[in-house]
Amino acid sequence: MTVFIYNTLSRQKEEFKPINPMKVRVYFCGPTVYNYAHIGNARACVVFNLLVKVLRYAYGAAHVQYVSNITDIDDKIIEAAKQSGEDIGVITKKYSDIYNADMSALGAVQPDSQPHATEYIPQMLAMIGKLIESGHAYVAEGHVLFSVPSFPDYGRLSRRNRDDMIAGARVEVAPYKKDPADFVLWKPSTPEQPGWDSPYGRCPENLNGRGRPGWHLECSAMNEAINGNHFDIHAGGEDLIFPHHENEIAQSVCAHGGEPYVNYWMHNGWLTVEGQKMSKSIGNVVLVHDLIKRIPGEVIRFALLSAHYRQPFDWTEELLQQSKRTLDRYYGLLRDVKDIEADDIDVPQIIAEALKDDLNTPKAFAELAVIAKALSSAKTEAEKAEAKGALLAAGRLIGLLQQDAEAWFRGDADVRVIEQKITEIQAARSAKDYKKADQLREALRQEHAVSVSVTPSGITWRKES
RNA sequence: GGCGCGGUGGCAGAAUGGCGAUGUAGAGGACUGCAAAUCCUCGAAUGCCGGUUCGAUUCCGGCCCGUGCCUCCA
(Lines give C-alpha, C1' and ligand atoms only; values in the text may rest on other atoms or scores of the structure.)
Protein backbone atom coordinates (compact mmCIF):
# COMPACT_ATOMS: atom_id res chain seq x y z
CA MET A 1 0.00 0.00 0.00
CA THR A 2 2.69 2.47 0.97
CA VAL A 3 3.87 4.79 -1.75
CA PHE A 4 7.12 6.73 -1.46
CA ILE A 5 7.65 10.02 -3.20
CA TYR A 6 10.69 12.25 -3.56
CA ASN A 7 9.45 15.61 -2.38
CA THR A 8 11.22 18.64 -3.84
CA LEU A 9 10.16 20.58 -0.76
CA SER A 10 12.29 18.42 1.56
CA ARG A 11 14.69 17.12 -1.11
CA GLN A 12 14.08 13.69 0.31
CA LYS A 13 12.11 10.58 -0.41
CA GLU A 14 9.12 10.52 1.91
CA GLU A 15 6.30 8.16 2.69
CA PHE A 16 3.23 9.46 0.90
CA LYS A 17 0.41 10.26 3.31
CA PRO A 18 -2.68 11.48 1.52
CA ILE A 19 -4.81 14.18 3.08
CA ASN A 20 -7.79 11.96 2.34
CA PRO A 21 -7.06 8.43 1.10
CA MET A 22 -10.53 8.31 -0.37
CA LYS A 23 -9.67 11.26 -2.60
CA VAL A 24 -6.02 11.59 -3.52
CA ARG A 25 -5.55 14.74 -5.58
CA VAL A 26 -2.83 15.22 -8.18
CA TYR A 27 -2.16 18.20 -10.40
CA PHE A 28 0.23 18.18 -13.32
CA CYS A 29 1.24 21.40 -15.06
CA GLY A 30 0.09 20.87 -18.62
CA PRO A 31 1.16 22.50 -21.86
CA THR A 32 0.88 26.00 -23.25
CA VAL A 33 -0.84 25.23 -26.53
CA TYR A 34 0.73 27.11 -29.40
CA ASN A 35 2.91 24.37 -30.88
CA TYR A 36 3.40 20.63 -31.13
CA ALA A 37 4.43 18.79 -27.97
CA HIS A 38 8.05 17.70 -27.94
CA ILE A 39 9.62 14.67 -26.36
CA GLY A 40 10.40 16.61 -23.19
CA ASN A 41 6.74 17.49 -22.73
CA ALA A 42 5.98 13.84 -23.33
CA ARG A 43 8.40 12.67 -20.65
CA ALA A 44 6.69 14.73 -17.99
CA CYS A 45 3.23 13.70 -19.13
CA VAL A 46 4.04 9.98 -19.34
CA VAL A 47 5.87 9.97 -16.01
CA PHE A 48 3.14 11.66 -14.01
CA ASN A 49 0.51 9.67 -15.81
CA LEU A 50 2.27 6.59 -14.53
CA LEU A 51 2.23 8.13 -11.06
CA VAL A 52 -1.55 8.39 -11.33
CA LYS A 53 -1.78 4.76 -12.44
CA VAL A 54 0.31 3.67 -9.48
CA LEU A 55 -1.73 5.76 -7.05
CA ARG A 56 -4.91 4.27 -8.49
CA TYR A 57 -3.43 0.83 -8.02
CA ALA A 58 -2.60 1.66 -4.41
CA TYR A 59 -5.70 3.61 -3.42
CA GLY A 60 -8.32 2.39 -5.88
CA ALA A 61 -9.17 3.89 -9.23
CA ALA A 62 -12.13 5.83 -7.85
CA HIS A 63 -10.08 7.47 -5.12
CA VAL A 64 -7.58 9.40 -7.21
CA GLN A 65 -8.41 12.69 -8.90
CA TYR A 66 -6.03 13.67 -11.67
CA VAL A 67 -6.14 17.27 -12.89
CA SER A 68 -3.97 18.71 -15.64
CA ASN A 69 -4.45 22.07 -17.21
CA ILE A 70 -4.23 23.58 -20.67
CA THR A 71 -2.70 27.05 -20.75
CA ASP A 72 -4.61 28.80 -23.51
CA ILE A 73 -3.75 32.40 -22.73
CA ASP A 74 -0.13 33.42 -22.90
CA ASP A 75 2.05 35.90 -24.72
CA LYS A 76 3.61 33.12 -26.76
CA ILE A 77 0.18 32.16 -28.04
CA ILE A 78 -0.59 35.77 -28.86
CA GLU A 79 2.68 35.91 -30.78
CA ALA A 80 1.92 32.66 -32.62
CA ALA A 81 -1.48 34.02 -33.62
CA LYS A 82 0.11 37.18 -34.95
CA GLN A 83 2.59 35.14 -36.97
CA SER A 84 0.11 32.74 -38.50
CA GLY A 85 -2.80 35.13 -38.82
CA GLU A 86 -5.05 32.57 -37.21
CA ASP A 87 -7.43 33.32 -34.41
CA ILE A 88 -6.12 32.56 -30.94
CA GLY A 89 -9.02 30.26 -30.24
CA VAL A 90 -8.30 28.31 -33.41
CA ILE A 91 -4.67 27.85 -32.47
CA THR A 92 -5.31 26.77 -28.90
CA LYS A 93 -8.05 24.35 -29.97
CA LYS A 94 -5.85 22.86 -32.64
CA TYR A 95 -2.82 22.32 -30.46
CA SER A 96 -4.66 21.12 -27.39
CA ASP A 97 -6.40 18.49 -29.55
CA ILE A 98 -3.07 17.45 -31.02
CA TYR A 99 -1.51 17.33 -27.57
CA ASN A 100 -4.21 15.04 -26.26
CA ALA A 101 -4.03 12.80 -29.31
CA ASP A 102 -0.24 12.57 -29.16
CA MET A 103 -0.20 11.80 -25.44
CA SER A 104 -2.89 9.16 -25.91
CA ALA A 105 -0.67 7.54 -28.51
CA LEU A 106 1.92 7.22 -25.76
CA GLY A 107 -0.56 5.45 -23.54
CA ALA A 108 -1.25 8.42 -21.30
CA VAL A 109 -4.73 8.47 -19.87
CA GLN A 110 -6.73 11.66 -20.05
CA PRO A 111 -6.93 13.62 -16.79
CA ASP A 112 -10.21 13.52 -14.92
CA SER A 113 -10.32 17.24 -15.36
CA GLN A 114 -8.48 19.34 -17.93
CA PRO A 115 -9.27 22.97 -17.13
CA HIS A 116 -8.43 25.74 -19.57
CA ALA A 117 -7.00 28.94 -18.13
CA THR A 118 -9.48 31.15 -19.96
CA GLU A 119 -12.37 29.34 -18.25
CA TYR A 120 -11.14 30.50 -14.85
CA ILE A 121 -10.68 34.23 -15.30
CA PRO A 122 -13.35 35.14 -12.70
CA GLN A 123 -11.67 32.86 -10.16
CA MET A 124 -8.30 34.45 -10.93
CA LEU A 125 -9.73 37.93 -10.47
CA ALA A 126 -11.32 36.86 -7.22
CA MET A 127 -7.97 35.57 -6.02
CA ILE A 128 -6.31 38.83 -7.00
CA GLY A 129 -8.98 40.68 -5.05
CA LYS A 130 -8.20 38.65 -1.94
CA LEU A 131 -4.48 39.21 -2.33
CA ILE A 132 -4.88 42.97 -2.67
CA GLU A 133 -7.24 43.10 0.30
CA SER A 134 -4.85 41.20 2.49
CA GLY A 135 -1.91 43.36 1.48
CA HIS A 136 -0.09 40.68 -0.51
CA ALA A 137 -0.59 42.40 -3.85
CA TYR A 138 -0.74 45.94 -5.19
CA VAL A 139 -1.73 47.81 -8.33
CA ALA A 140 0.91 49.72 -10.26
CA GLU A 141 0.74 51.17 -13.77
CA GLY A 142 -2.03 48.91 -14.91
CA HIS A 143 -0.41 45.82 -13.47
CA VAL A 144 -1.22 43.90 -10.36
CA LEU A 145 1.88 42.60 -8.66
CA PHE A 146 2.42 40.09 -5.94
CA SER A 147 4.43 41.53 -3.09
CA VAL A 148 7.12 38.97 -2.42
CA PRO A 149 8.33 40.57 0.84
CA SER A 150 4.84 40.02 2.23
CA PHE A 151 5.42 36.25 2.19
CA PRO A 152 8.32 35.26 4.47
CA ASP A 153 8.31 31.67 3.23
CA TYR A 154 9.08 32.72 -0.33
CA GLY A 155 11.98 30.71 -1.72
CA ARG A 156 11.45 27.63 0.40
CA LEU A 157 10.72 25.30 -2.52
CA SER A 158 13.53 26.47 -4.74
CA ARG A 159 15.91 27.06 -1.82
CA ARG A 160 16.91 30.51 -2.78
CA ASN A 161 16.71 33.77 -0.90
CA ARG A 162 15.77 37.15 -2.21
CA ASP A 163 19.23 38.65 -1.93
CA ASP A 164 20.67 35.91 -4.13
CA MET A 165 17.97 36.40 -6.68
CA ILE A 166 18.47 40.10 -6.85
CA ALA A 167 22.24 39.67 -7.06
CA GLY A 168 21.89 37.18 -9.87
CA ALA A 169 19.12 38.94 -11.76
CA ARG A 170 19.93 39.15 -15.43
CA VAL A 171 16.91 41.14 -16.44
CA GLU A 172 16.19 44.72 -15.82
CA VAL A 173 13.64 45.18 -13.10
CA ALA A 174 10.43 46.82 -14.26
CA PRO A 175 10.25 50.31 -12.74
CA TYR A 176 6.76 49.82 -11.29
CA LYS A 177 7.85 46.95 -9.04
CA LYS A 178 8.14 47.88 -5.38
CA ASP A 179 10.51 44.99 -4.88
CA PRO A 180 12.64 43.46 -7.62
CA ALA A 181 11.32 39.99 -6.81
CA ASP A 182 7.66 40.95 -7.18
CA PHE A 183 5.88 39.19 -10.01
CA VAL A 184 2.89 39.93 -12.18
CA LEU A 185 -0.57 38.64 -11.36
CA TRP A 186 -2.42 40.68 -13.94
CA LYS A 187 -1.25 42.85 -16.79
CA PRO A 188 -2.95 45.34 -19.09
CA SER A 189 -3.89 44.39 -22.64
CA THR A 190 -3.82 46.60 -25.70
CA PRO A 191 -6.97 46.59 -27.83
CA GLU A 192 -5.43 43.94 -30.12
CA GLN A 193 -4.46 41.67 -27.29
CA PRO A 194 -6.98 39.39 -25.64
CA GLY A 195 -8.26 40.83 -22.41
CA TRP A 196 -10.94 40.64 -19.82
CA ASP A 197 -12.64 43.45 -17.97
CA SER A 198 -11.17 44.04 -14.58
CA PRO A 199 -11.10 46.69 -11.90
CA TYR A 200 -7.39 47.17 -12.52
CA GLY A 201 -5.25 49.08 -14.85
CA ARG A 202 -7.57 51.87 -15.90
CA CYS A 203 -5.17 54.43 -17.21
CA PRO A 204 -5.02 56.68 -20.27
CA GLU A 205 -3.60 53.93 -22.45
CA ASN A 206 -6.02 51.36 -21.16
CA LEU A 207 -9.30 53.08 -20.42
CA ASN A 208 -11.48 50.02 -20.20
CA GLY A 209 -9.22 48.22 -17.75
CA ARG A 210 -9.00 45.14 -19.94
CA GLY A 211 -6.18 42.87 -18.97
CA ARG A 212 -4.96 39.29 -18.83
CA PRO A 213 -3.49 37.05 -16.19
CA GLY A 214 0.15 36.47 -15.48
CA TRP A 215 1.40 33.00 -16.07
CA HIS A 216 1.48 31.66 -12.53
CA LEU A 217 -1.99 32.65 -11.47
CA GLU A 218 -3.99 30.14 -13.47
CA CYS A 219 -2.68 27.06 -11.67
CA SER A 220 -3.47 28.58 -8.29
CA ALA A 221 -6.98 29.55 -9.33
CA MET A 222 -7.79 26.28 -11.05
CA ASN A 223 -6.52 24.20 -8.19
CA GLU A 224 -8.52 26.23 -5.73
CA ALA A 225 -11.60 25.52 -7.81
CA ILE A 226 -11.00 21.83 -8.52
CA ASN A 227 -8.54 20.38 -6.03
CA GLY A 228 -9.30 22.71 -3.14
CA ASN A 229 -7.03 25.02 -1.18
CA HIS A 230 -4.82 22.22 0.06
CA PHE A 231 -4.14 19.06 -1.91
CA ASP A 232 -1.63 16.23 -2.19
CA ILE A 233 0.69 16.24 -5.18
CA HIS A 234 1.71 18.90 -7.65
CA ALA A 235 3.99 17.82 -10.49
CA GLY A 236 5.88 19.29 -13.40
CA GLY A 237 9.26 19.65 -15.02
CA GLU A 238 12.15 20.69 -12.80
CA ASP A 239 12.46 23.99 -14.63
CA LEU A 240 9.12 24.95 -13.10
CA ILE A 241 10.45 24.86 -9.55
CA PHE A 242 11.46 28.47 -9.98
CA PRO A 243 9.75 30.75 -10.55
CA HIS A 244 6.48 29.07 -11.50
CA HIS A 245 5.85 26.80 -8.55
CA GLU A 246 7.46 29.12 -6.05
CA ASN A 247 5.07 31.84 -7.16
CA GLU A 248 2.10 29.53 -7.12
CA ILE A 249 2.78 28.67 -3.52
CA ALA A 250 3.06 32.34 -2.60
CA GLN A 251 -0.23 33.22 -4.29
CA SER A 252 -2.20 30.32 -2.96
CA VAL A 253 -0.94 30.37 0.59
CA CYS A 254 -1.46 34.12 0.89
CA ALA A 255 -4.89 34.00 -0.74
CA HIS A 256 -5.94 31.33 1.73
CA GLY A 257 -4.89 33.00 4.93
CA GLY A 258 -1.75 30.95 5.35
CA GLU A 259 -3.31 27.54 4.72
CA PRO A 260 -0.78 25.11 3.20
CA TYR A 261 -1.08 24.62 -0.55
CA VAL A 262 0.55 21.35 -1.63
CA ASN A 263 2.12 18.56 0.44
CA TYR A 264 4.30 16.89 -2.19
CA TRP A 265 6.04 18.60 -5.07
CA MET A 266 7.41 16.31 -7.77
CA HIS A 267 9.67 17.34 -10.62
CA ASN A 268 11.01 15.35 -13.51
CA GLY A 269 14.51 15.74 -14.87
CA TRP A 270 15.48 17.49 -18.03
CA LEU A 271 16.01 15.79 -21.34
CA THR A 272 18.68 16.20 -23.97
CA VAL A 273 18.68 14.96 -27.55
CA GLU A 274 21.76 13.05 -28.73
CA GLY A 275 23.71 14.75 -25.95
CA GLN A 276 22.60 18.26 -26.74
CA LYS A 277 20.07 20.56 -25.21
CA MET A 278 16.92 20.49 -27.27
CA SER A 279 16.40 23.87 -28.81
CA LYS A 280 14.91 25.48 -31.83
CA SER A 281 18.17 27.17 -32.74
CA ILE A 282 20.03 23.85 -32.90
CA GLY A 283 17.06 22.44 -34.76
CA ASN A 284 16.96 19.23 -32.77
CA VAL A 285 13.52 19.51 -31.23
CA VAL A 286 11.95 16.07 -31.35
CA LEU A 287 8.20 16.30 -31.79
CA VAL A 288 6.00 13.48 -30.60
CA HIS A 289 3.77 14.16 -33.55
CA ASP A 290 6.58 13.23 -35.98
CA LEU A 291 7.85 10.33 -33.91
CA ILE A 292 4.55 8.48 -33.80
CA LYS A 293 4.38 8.51 -37.57
CA ARG A 294 7.29 6.09 -37.74
CA ILE A 295 7.40 4.39 -34.34
CA PRO A 296 4.70 2.82 -32.20
CA GLY A 297 3.78 5.07 -29.29
CA GLU A 298 4.42 2.15 -26.97
CA VAL A 299 8.09 2.11 -27.97
CA ILE A 300 8.35 5.80 -27.12
CA ARG A 301 6.67 5.18 -23.79
CA PHE A 302 9.06 2.34 -23.04
CA ALA A 303 12.05 4.50 -23.91
CA LEU A 304 10.82 7.41 -21.79
CA LEU A 305 10.33 5.18 -18.76
CA SER A 306 13.61 3.32 -19.12
CA ALA A 307 15.38 5.93 -16.99
CA HIS A 308 14.27 7.12 -13.59
CA TYR A 309 12.12 10.22 -13.92
CA ARG A 310 14.38 12.44 -11.84
CA GLN A 311 17.53 11.54 -13.73
CA PRO A 312 18.83 13.55 -16.63
CA PHE A 313 17.86 11.74 -19.77
CA ASP A 314 19.45 11.62 -23.18
CA TRP A 315 17.04 10.88 -25.99
CA THR A 316 18.81 8.98 -28.76
CA GLU A 317 17.93 6.99 -31.81
CA GLU A 318 19.85 4.07 -30.34
CA LEU A 319 17.69 4.14 -27.22
CA LEU A 320 14.63 4.09 -29.41
CA GLN A 321 15.87 1.11 -31.40
CA GLN A 322 16.84 -0.75 -28.27
CA SER A 323 13.39 -0.12 -26.81
CA LYS A 324 11.85 -1.42 -30.00
CA ARG A 325 13.92 -4.60 -29.88
CA THR A 326 12.98 -5.24 -26.28
CA LEU A 327 9.28 -4.83 -26.92
CA ASP A 328 9.60 -7.01 -30.03
CA ARG A 329 11.10 -9.68 -27.85
CA TYR A 330 8.30 -9.47 -25.28
CA TYR A 331 5.59 -9.48 -27.88
CA GLY A 332 7.37 -12.38 -29.57
CA LEU A 333 7.20 -14.34 -26.34
CA LEU A 334 3.54 -13.48 -25.97
CA ARG A 335 2.90 -14.55 -29.54
CA ASP A 336 4.54 -17.89 -28.83
CA VAL A 337 2.02 -18.51 -26.05
CA LYS A 338 -0.97 -16.92 -27.73
CA ASP A 339 -3.00 -20.11 -27.38
CA ILE A 340 -2.35 -20.43 -23.68
CA GLU A 341 -4.77 -18.59 -21.46
CA ALA A 342 -2.95 -16.35 -19.03
CA ASP A 343 -3.53 -16.81 -15.33
CA ASP A 344 -5.58 -14.00 -13.89
CA ILE A 345 -3.15 -12.69 -11.31
CA ASP A 346 -2.25 -9.44 -9.63
CA VAL A 347 0.76 -7.33 -10.53
CA PRO A 348 3.87 -9.12 -9.25
CA GLN A 349 4.63 -7.50 -5.92
CA ILE A 350 8.25 -6.83 -6.72
CA ILE A 351 7.15 -4.67 -9.64
CA ALA A 352 4.39 -2.93 -7.73
CA GLU A 353 6.85 -2.18 -4.94
CA ALA A 354 9.40 -0.77 -7.37
CA LEU A 355 6.84 1.58 -8.88
CA LYS A 356 5.49 2.63 -5.51
CA ASP A 357 9.05 3.49 -4.52
CA ASP A 358 9.15 6.89 -6.20
CA LEU A 359 8.41 5.40 -9.61
CA ASN A 360 11.50 3.25 -9.93
CA THR A 361 10.74 2.27 -13.49
CA PRO A 362 14.24 0.93 -14.31
CA LYS A 363 13.92 -1.50 -11.42
CA ALA A 364 10.42 -2.44 -12.58
CA PHE A 365 11.75 -2.98 -16.10
CA ALA A 366 14.52 -5.22 -14.77
CA GLU A 367 11.92 -7.36 -13.03
CA LEU A 368 9.82 -7.37 -16.17
CA ALA A 369 12.81 -8.90 -17.92
CA VAL A 370 13.03 -11.56 -15.23
CA ILE A 371 9.38 -12.46 -15.79
CA ALA A 372 9.92 -12.52 -19.52
CA LYS A 373 12.79 -14.90 -18.93
CA ALA A 374 10.53 -17.10 -16.86
CA LEU A 375 8.03 -17.13 -19.70
CA SER A 376 10.55 -17.96 -22.39
CA SER A 377 12.12 -20.75 -20.40
CA ALA A 378 8.87 -22.16 -19.00
CA LYS A 379 8.47 -25.85 -19.73
CA THR A 380 4.92 -26.66 -18.71
CA GLU A 381 1.64 -25.06 -19.72
CA ALA A 382 0.99 -24.10 -16.12
CA GLU A 383 4.30 -22.32 -15.89
CA LYS A 384 3.63 -20.53 -19.13
CA ALA A 385 0.14 -19.49 -18.08
CA GLU A 386 1.48 -18.09 -14.84
CA ALA A 387 4.38 -16.21 -16.41
CA LYS A 388 2.13 -14.87 -19.15
CA GLY A 389 -0.34 -13.64 -16.54
CA ALA A 390 2.41 -11.97 -14.56
CA LEU A 391 3.85 -10.28 -17.64
CA LEU A 392 0.48 -8.96 -18.74
CA ALA A 393 -0.46 -7.76 -15.26
CA ALA A 394 2.82 -5.93 -14.83
CA GLY A 395 2.46 -4.50 -18.32
CA ARG A 396 -1.02 -3.26 -17.51
CA LEU A 397 0.20 -1.24 -14.54
CA ILE A 398 3.12 0.25 -16.47
CA GLY A 399 1.03 0.79 -19.58
CA LEU A 400 2.80 -1.70 -21.84
CA LEU A 401 2.22 -5.02 -23.60
CA GLN A 402 -1.55 -4.73 -23.81
CA GLN A 403 -1.77 -5.02 -27.58
CA ASP A 404 -2.51 -8.20 -29.48
CA ALA A 405 0.85 -9.85 -30.10
CA GLU A 406 0.06 -10.76 -33.70
CA ALA A 407 -1.11 -7.25 -34.45
CA TRP A 408 2.09 -5.84 -32.97
CA PHE A 409 4.17 -7.55 -35.64
CA ARG A 410 1.78 -6.98 -38.52
CA GLY A 411 1.95 -3.22 -38.32
CA ASP A 412 0.26 -1.76 -41.36
CA ALA A 413 0.98 -4.74 -43.61
CA ASP A 414 -1.70 -6.11 -45.91
CA VAL A 415 -2.46 -9.29 -44.02
CA ARG A 416 -4.38 -11.03 -46.82
CA VAL A 417 -1.62 -10.59 -49.37
CA ILE A 418 1.07 -11.63 -46.93
CA GLU A 419 -0.79 -14.68 -45.72
CA GLN A 420 -1.23 -15.80 -49.33
CA LYS A 421 2.52 -15.60 -49.89
CA ILE A 422 3.16 -17.39 -46.62
CA THR A 423 1.00 -20.25 -47.82
CA GLU A 424 3.12 -20.49 -50.95
CA ILE A 425 6.29 -20.53 -48.93
CA GLN A 426 4.82 -23.21 -46.73
CA ALA A 427 4.04 -25.30 -49.77
CA ALA A 428 7.52 -24.87 -51.22
CA ARG A 429 9.08 -25.85 -47.91
CA SER A 430 6.89 -28.90 -47.61
CA ALA A 431 8.13 -29.94 -51.03
CA LYS A 432 11.67 -29.28 -49.78
CA ASP A 433 12.05 -26.75 -52.56
CA TYR A 434 14.12 -24.47 -50.38
CA LYS A 435 15.40 -22.45 -53.26
CA LYS A 436 11.90 -21.41 -54.21
CA ALA A 437 10.94 -20.81 -50.57
CA ASP A 438 13.94 -18.55 -50.10
CA GLN A 439 13.12 -16.64 -53.25
CA LEU A 440 9.59 -16.07 -52.02
CA ARG A 441 10.90 -14.96 -48.65
CA GLU A 442 13.27 -12.54 -50.26
CA ALA A 443 10.46 -11.20 -52.42
CA LEU A 444 8.34 -10.57 -49.34
CA ARG A 445 11.19 -8.69 -47.76
CA GLN A 446 11.80 -6.61 -50.85
CA GLU A 447 8.22 -5.86 -51.74
CA HIS A 448 6.48 -5.74 -48.39
CA ALA A 449 9.27 -5.24 -45.82
CA VAL A 450 8.11 -8.45 -44.23
CA SER A 451 10.53 -10.93 -42.71
CA VAL A 452 9.60 -14.55 -42.34
CA SER A 453 10.68 -16.88 -39.57
CA VAL A 454 10.36 -20.61 -39.48
CA THR A 455 9.54 -22.05 -36.07
CA PRO A 456 8.74 -25.58 -34.99
CA SER A 457 5.08 -24.61 -34.71
CA GLY A 458 4.85 -22.98 -38.12
CA ILE A 459 5.82 -19.87 -39.99
CA THR A 460 5.59 -16.43 -38.43
CA TRP A 461 6.17 -13.10 -40.05
CA ARG A 462 6.63 -9.51 -39.08
CA LYS A 463 6.62 -6.15 -40.71
CA GLU A 464 10.00 -4.47 -40.46
CA SER A 465 9.92 -0.82 -39.53
C1' G B 1 28.03 35.26 -9.15
C1' G B 2 23.72 32.41 -6.44
C1' C B 3 21.04 27.70 -6.20
C1' G B 4 20.74 22.59 -7.92
C1' C B 5 21.59 17.85 -10.42
C1' G B 6 24.64 14.04 -12.31
C1' G B 7 29.49 10.97 -13.18
C1' U B 8 28.42 2.59 -12.32
C1' G B 9 30.64 -2.66 -17.89
C1' G B 10 31.03 -0.70 -25.33
C1' C B 11 25.96 1.58 -24.63
C1' A B 12 21.48 2.05 -21.45
C1' G B 13 20.51 1.76 -16.33
C1' A B 14 19.09 0.05 -10.88
C1' A B 15 20.89 -1.07 -6.11
C1' U B 16 24.00 -1.30 -1.97
C1' G B 17 28.53 0.04 4.55
C1' G B 18 30.79 -6.43 3.07
C1' C B 19 28.66 -11.19 -2.52
C1' G B 20 27.51 -4.53 -7.98
C1' A B 21 20.75 -6.14 -10.84
C1' U B 22 18.57 -5.99 -15.64
C1' G B 23 18.60 -5.00 -20.83
C1' U B 24 21.44 -4.35 -25.09
C1' A B 25 25.93 -5.02 -27.72
C1' G B 26 30.14 -8.74 -27.93
C1' A B 27 32.33 -14.10 -27.66
C1' G B 28 31.37 -19.48 -27.63
C1' G B 29 27.79 -23.48 -27.90
C1' A B 30 22.66 -25.95 -28.75
C1' C B 31 18.68 -25.92 -32.19
C1' U B 32 17.80 -24.90 -37.65
C1' G B 33 17.99 -26.90 -44.97
C1' C B 34 19.26 -21.51 -44.18
C1' A B 35 18.06 -17.33 -41.37
C1' A B 36 15.39 -15.41 -37.28
C1' A B 37 13.61 -16.36 -32.56
C1' U B 38 14.63 -19.12 -28.28
C1' C B 39 17.82 -21.78 -24.81
C1' C B 40 22.79 -22.64 -22.34
C1' U B 41 27.73 -20.58 -21.15
C1' C B 42 31.25 -16.46 -20.85
C1' G B 43 34.18 -11.96 -20.45
C1' A B 44 33.29 -6.82 -19.09
C1' A B 45 31.99 -1.19 -14.63
C1' U B 46 31.44 2.26 -9.50
C1' G B 47 35.65 9.97 -12.31
C1' C B 48 40.13 11.56 -8.94
C1' C B 49 42.27 12.45 -3.87
C1' G B 50 41.70 12.25 1.22
C1' G B 51 38.66 11.09 5.85
C1' U B 52 35.35 7.87 8.98
C1' U B 53 35.22 2.34 9.24
C1' C B 54 37.47 -4.19 10.42
C1' G B 55 35.56 -3.05 5.46
C1' A B 56 33.38 2.58 1.11
C1' U B 57 30.85 2.27 -5.11
C1' U B 58 27.56 3.67 -0.99
C1' C B 59 28.64 8.16 4.46
C1' C B 60 31.80 12.98 5.01
C1' G B 61 35.31 16.72 2.80
C1' G B 62 38.06 18.52 -1.39
C1' C B 63 38.98 18.31 -6.64
C1' C B 64 37.95 17.30 -11.83
C1' C B 65 34.32 16.68 -15.61
C1' G B 66 29.36 17.25 -17.50
C1' U B 67 24.80 19.62 -17.00
C1' G B 68 20.25 22.47 -15.38
C1' C B 69 17.78 26.81 -13.18
C1' C B 70 18.26 32.13 -11.87
C1' U B 71 14.45 35.18 -18.70
C1' C B 72 9.75 31.66 -21.85
C1' C B 73 10.48 26.42 -21.14
C1' A B 74 8.49 19.59 -19.28
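Excluded from the calculations below are hydrogen atoms, water molecules and symmetry mates; all remaining heavy atoms, backbone and side chain alike, are included. From a predicted model like this one, the values you see are computed outputs, not experimental measurements.
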Please check this pair: side chain of Asp357(A) against backbone of Phe4(A), looking for a donor-acceptor N/O pair closer than 3.5 Å.
no
Asp357(A) vs Glu367(A), nearer the 5' end of RNA chain B by closest nucleotide
Asp357(A)
Identify whether the distance between the nearest side-chain nitrogen and carboxylate oxygen of Lys435(A) and Asp438(A) falls below 4.0 Å.
no
For A44(B) and G9(B), measure between their C1' atoms and round to the nearest Å.
5 Å
G47(B) and U53(B): how far apart are their C1' atoms, nearest whole angstrom?
23 Å
Within the stacking criterion (centroid distance below 5.5 Å, interplanar angle below 30°), does Trp270(A) stack on A74(B)?
yes
N/O-N/O pairs, protein side and nucleotides 33-37 of chain B side, under 3.5 Å:
from, atom 1, to, atom 2, distance (Å)
G33(B), N7, Arg429(A), NH2, 3.2
G33(B), O6, Arg429(A), NE, 3.3
G33(B), O6, Arg441(A), NH1, 3.2
G33(B), N1, Asp438(A), OD1, 3.1
G33(B), N1, Asp438(A), OD2, 3.3
G33(B), N2, Asp438(A), OD2, 2.5
C34(B), N3, Arg441(A), NH1, 3.0
C34(B), N3, Arg441(A), NH2, 3.4
A35(B), N6, Val454(A), O, 2.9
A35(B), N1, Val454(A), N, 2.8
A35(B), N1, Val454(A), O, 3.4
A35(B), N3, Arg441(A), NH2, 3.1
A36(B), N1, Val454(A), O, 3.3

Considering only G4(B), U24(B), A14(B), which nucleotide approaches the side chain of Arg11(A) most closely?
G4(B)
Which residues, if any, of residues 403-413 of chain A bring a heavy atom under 4.0 Å of RNA chain B?
none
When the C1' atoms of C73(B) and C65(B) are considered, how many whole Å apart are they?
26 Å
Polar side chain donor-acceptor pair, Asn223(A) to Tyr261(A), under 3.5 angstrom:
yes
For Tyr331(A) and Glu298(A), test the side chains for any donor-to-acceptor distance below 3.5 angstrom and give the result as yes or no.
yes
Short of 4.0 Å, heavy atom to strand atom, which residues of residues 372-398 of chain A count as contacting RNA chain B?
Lys373(A), Ser376(A)
Compare every heavy atom of Glu238(A) with every heavy atom of His267(A), then report the nearest pair and how far apart it is.
CB-CA, 3.7 Å
Could you pull out all residues at least two apart from Tyr264(A) that satisfy ring-ring contact (aromatic ring centres under 6.0 Å, His included)?
Phe16(A)
Between the protein and nucleotides 7-10 of chain B, list every N/O to N/O distance that falls short of 3.5 Å.
none

Distance check, C1' atoms only: G43(B) and A27(B), in whole angstrom units.
8 Å
Which residue, Leu319(A) or Thr326(A), contacts RNA chain B at a nucleotide closer to its 5' end, judged by nearest heavy atom?
Leu319(A)
Do the ring planes of His234(A) and Trp265(A) sit parallel (below 30°), tilted (30 to 60°) or perpendicular (above 60°)?
parallel
Can you name the residues that form a salt bridge (charged side-chain N to carboxylate O under 4.0 Å, His left out) with Asp314(A), not counting sequence neighbours?
none
Proximal nucleotide (of C72(B), A25(B), G23(B)) relative to the Arg325(A) side chain:
A25(B)
Could you check whether Leu271(A) gets within reach of a base, just the sugar-phosphate, or nothing at all, counting any heavy atom under 4.0 Å?
base
